[in-house]
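If you're wondering where the values come from, they're calculated on a predicted model, not measured in any experiment. One-based numbering along the sequence shown. All ligand and atom numbering here is 1-based and tracks the order in the structure.
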Amino acid sequence: HCAATQAVPGEGPEAARVLIVGEQPGDQEDLAGRPFVGPAGQLFDQALGAAGVERSTLYITNAVKHFKFRAQGRRRLHQSPTAGEIDHCRWWLDAERALVRPRLIVTLGRSALRGVTGRSDPLGAQRGRLTELADGTRLLPTVHPSWLLRLRDGAERQAEIQRFVDDLAQIPTWA
Ligand code: URA
């Protein structure tokens, strides 16, 4: 994705015990060169706070490192990465995993889950449930904060945000 401003690598302590994986940088992340600093990042920060998790203790990255978008006038509209693009970027995520060696990986949304497992599984049954990866690392799949931002119904959105907070509240056990 040559139209992106820059690659956005992960950030956080190399000794972090928990690694968070998102989908790909958005418009603001592309400009800032840092993950989760735009609207989804702000909701993520609020949910972390409500779950009693300190963001600075986490290593935060994305399955894909470049912003993919469609230009509409002056706006840059997010486009989801394909499975092939996620797979193409896996060497980079694997390198981050090898460096950090987390106890727990939390995936936000289906693209992140594919980035880690290599499979396009539906999130439904796995959401909020801890499993163990082949190398012994724990995996906790949950939803992506951008999905929460897209929910139109206020009551549904609040309920889903609370479920998201409940999922993230499992992090301190592994941190
Ligand atoms: N969405 C993501 O998946 N990652 C970011 O860094 C920002 C928004």
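The only option from His66, Gln6, Arg76 that meets the side-chain hydrogen bond (donor to acceptor under 3.5 Å, both in side chains) definition with Asp30 turns out to be Arg76. Test Arg127, Arg150, Arg152 against Glu160 for salt bridge (charged side-chain N to carboxylate O under 4.0 Å, His left out) and you get one pass: Arg127.
Those atoms of ligand 1 that come under 4.0 Å of a heavy atom in Pro35, given as number and element, are 6 (O). For ligand 1, the atoms sitting less than 4.0 Å from at least one non-hydrogen atom of Gly22 are 3 (O), numbered in the order shown with element in parentheses. Under a 4.0 Å criterion applied to the non-hydrogen atoms of His144, ligand 1 contributes the atoms 1 (N), 2 (C), 3 (O).
Residue Ala40 places no N or O, backbone or side chain, under 3.5 Å from any N or O of ligand 1.
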| request: Please report the C-alpha distance between Leu48 and Phe36 in whole Å, then the side-chain angles of each, then the deciding distance to 0.1 Å, and finally whether the side chain to side chain contact (heavy atoms under 4.5 Å, CB included) criterion is met. | output: CA-CA 12 Å; Leu48 285 174; Phe36 283 103; over 6 Å; no
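Among protein heavy atoms, atom 4 (N) of ligand 1 sits closest to Asn62 OD1, 2.7 Å. Gln24 O, 3.5 Å is the protein heavy atom nearest to atom 5 (C) of ligand 1.
Residues Pro25 and Asn62 form a side-chain contact, since some pair of their non-hydrogen atoms from C-beta on lies under 4.5 Å apart.
Every pair passing side chain to side chain donor-acceptor pair (under 3.5 Å) that includes a residue from residues 33-45 is listed here, sequence neighbours excluded: Glu11-Arg34, Asp45-Arg55.
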Side-chain donor-acceptor pairs under 3.5 Å in residues 138-149, sequence neighbours left out?
from   : atom 1 : to     : atom 2 : distance (Å)
Thr142 : OG1    : Asp167 : OD2    : 2.6
His144 : ND1    : Ser146 : N      : 2.9
His144 : ND1    : Ser146 : OG     : 3.3

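Heavy atoms of Arg34 stay at 4.0 angstrom or farther from ligand 1.
By the criterion of a heavy-atom distance under 4.0 Å, both the backbone and the side chain of Glu23 are placed next to ligand 1.
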